[in-house]
Amino acid sequence: MTPDTAFPPTRDAGLARLRDFLPKAAGDYTRGRNYDLPEQGHPHVSQLSPYLRHRLVTEGEVLDAVLGRFSLKSAEKFVQEVYWRTYWKGWLERRPSVWMAYKGGLSQALDRLHVESGFRAEWEAACKGETGIDGFDAWARELVSTGYMHNHARMWFASIWIFTLRLPWELGADFFLRHLLDGDAASNTLSWRWVAGLQTQGKNYAARASNISKYTEGRHRPVHQLASDPAPLMGPPHPPADDAPVTPTFDRSASWVLVLTEDDLSPGFVLDQMANPPLATAILDGAAARSPLTVAPHVTDWTSAALDSTCARYADRLGPVTPAPEDLGAWARGAGAAQIVMPYTPEGPARDLLRARLADSDLPLVPVLRDHDAAAWPHAKAGFFKFKEKIPALIARRQGLSLAS
Ligand SMILES: Cc1cc2nc3c(=O)[nH]c(=O)nc-3n(C[C@H](O)[C@H](O)[C@H](O)COP(=O)(O)OP(=O)(O)OC[C@H]3O[C@@H](n4cnc5c(N)ncnc54)[C@H](O)[C@@H]3O)c2cc1C
């Protein structure tokens with residue numbers, strides 16, 4: 001199956017996936033979510049991640065649908081997983097230097113590929129699924145051919161990459177970002193760091209043959225092939241957390257242009273807040289910038305088609321639509337705008353592009369936060385287990401306010 005047919009890049013396809021998954025979001029997910037069963041189409045997990053990552057369907061919509069059907073207690077596991085995404089995004093947003101450090105580490109590892117041929121051969125074998133390690137090679141091929149990998153397989157894969165193959169974790173994170181349809185700066189970077197022992201410092205994740213065999217129903221048994229008792233990687237302490245961002249005060253009736261990135265493809269919550277439609281809309285697609293290497297065409301094609309489907313969905317509300325020019329400020333001024341308003345773009349490739357293209361702009365930029373993020377990110381200060389305690393209150397707040405975003 002090609003990525004296009006498994007995950008059509010439209011909101012309707014995301015909503016259909018959510019509808020199909022909904023009956024399984026409680027008991028079935030709780031019992032079966034750790035099983036990696038690609039031949040059966042991963043029946044116990046939602047595979048909503050490409051839609052959630054680009055917000056063709058939002059976290060809020062998924063939570064509302066699930067909790068409209070089940071109590072928080074029965075769907076707790078699934079709700080927590082959705083909040084892992086929110087937590088990682090808030091954590092990275094408040095420590096942007098961790099994203100910069102990843103990019104720096106990746107650049108150094110890529111330099112080594114040019115000068116160390118043995119190292120390059122090992123990296124290529126890992127990316128092609130030619131290591132001979134049972135399971136690992138199948139997951140590499142699944143990722144490259146479908147754009148998806150199950151969460152448990154991502155954990156095993158990352159662990160084997162780091163501790164058995166002893167390749168730099170940044171190259172593994174980059175391999176994922178080049179091929180995952182849901183490739184995301186926060187979830188990917190911080191999950192790789194978590195497996196390595198850099199995120200929960202001193203505590204790494206060791207893949208075990210028995211665990212792999214159990215949760216692949218015996219399909220893979222890499223007995224005696226994996227590093228046993230690997231030590232965690234060492235790194236600098238976490239930087240102190242910045243304050244959680246807030247939406248700046250802005251004039252809802254002043255003239256404006258919209259910038260749309262692939263980070264939020266449901267811009268209705270911004271359009272609804274403004275007195276008038278935008279004078280024009282620029283599309284800033286950061287998918288090709290997810291890696292310094294070539295990002296797989298199935299990823300860039302998917303993101304580009306998802307952006308197109310969003311423009312079609314909002315066609316009567318966006319004004320003239322154009323690919324984002326190099327100088328966004330000059331473009332916005334030329335359109336007669338007093339401000340640039342957009343859904344908040346978190347740390348990651350699209351934000352990096354945005355910074356560069358706004359470098360010469362003196363127009364006010366208004367990144368509008370969704371209520372979901374604004375409520376949760378102040379709690380993304382320390383570990384997930386502290387954050388998790390806030391989930392019932394965050395849900396109660398959502399339900400009290402009947403938030404649509
Ligand atoms: C090494 C590694 C790299 C990862 N890279 C990414 C990435 O680039 N992008 C990404 O979206 N997720 C990433 N994840 C998290 C997780 O594996 C995927 O979100 C999940 O597998 C997506 O499949 P699903 O939609 O079927 O998940 P489900 O289990 O059905 O979960 C529902 C949703 O909750 C969120 N979610 C679930 N588990 C996690 C988690 N552990 N962390 C964060 N969010 C979660 C996702 O948005 C997911 O779509 C990574 C995990 C690991 C271990």
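For ligands, and for the atoms within them, numbers begin at 1 and follow the listed sequence. Every heavy atom of this structure was used, including side-chain atoms; hydrogens, water molecules and symmetry mates were not.
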Evaluating non-hydrogen atoms only, which member of [options] is closest to [atom]?
atom: atom 26 (O) of ligand 1; options: R193, Q47, H44; answer: Q47
atom: atom 8 (O) of ligand 1; options: I162, D184, L177, V57; answer: D184
atom: atom 53 (C) of ligand 1; options: M155, M149, K89, E59; answer: M155
atom: atom 33 (C) of ligand 1; options: D36, L52, V62, T86; answer: L52

* Take the angle between the ring planes of W156 and H152 and call it parallel below 30°, perpendicular above 60°, tilted in between. => parallel
* Take the angle between the ring planes of F136 and F157 and call it parallel below 30°, perpendicular above 60°, tilted in between. =>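 Plane angle under 30°, so parallel.
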* Partners meeting salt bridge (Lys or Arg N to Asp or Glu O under 4.0 Å) with R208 (sequence neighbours left out) ->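 With sequence neighbours excluded, R208 shows a salt bridge (Lys or Arg N to Asp or Glu O under 4.0 Å) to D229, given in chain and number order.
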In the protein, what heavy atom is nearest to [atom], and what distance, to one decimal place, separates them?
atom: atom 13 (C) of ligand 1; result: R154 NH1, 3.2 Å
atom: atom 35 (C) of ligand 1; result: E81 O, 3.4 Å
atom: atom 32 (C) of ligand 1; result: F78 CE1, 3.4 Å
atom: atom 3 (C) of ligand 1; result: N188 OD1, 3.4 Å
atom: atom 31 (O) of ligand 1; result: Y29 OH, 3.7 Å
atom: atom 52 (C) of ligand 1; result: S191 CB, 3.3 Å

With a distance cut-off below 6.0 Å to the six-membered ring centre and an angular limit of 45° from the axis, does [X] pair with [Y] as a cation-pi contact?
X: R154; Y: Y148; result: yes
X: R252; Y: F250; result: yes
X: R370; Y: F269; result: yes
X: R95; Y: W91; result: yes

* Answer yes or no: is there an ion pair linking R55 with E61, defined by an N-O contact shorter than 4.0 Å? =>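 A salt bridge is absent here (no side-chain N lies under 4.0 Å from a carboxylate O).
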* Structure fact -> With heavy atoms and a 4.0 Å threshold, my read on which part of F176 contacts ligand 1 is side chain
Any idea which atoms of ligand 1 are less than 4.0 Å away from a heavy-atom of [X]?
X: R85; answer: 43 (C), 44 (N), 47 (O)
X: V82; answer: 34 (O)
X: G183; answer: 8 (O)
X: Y148; answer: 23 (O), 24 (P), 26 (O)

* To do: Scan R85, K89, H372, R398 and name whichever one has a side chain to side chain donor-acceptor pair (under 3.5 Å) with E59.
  => R85
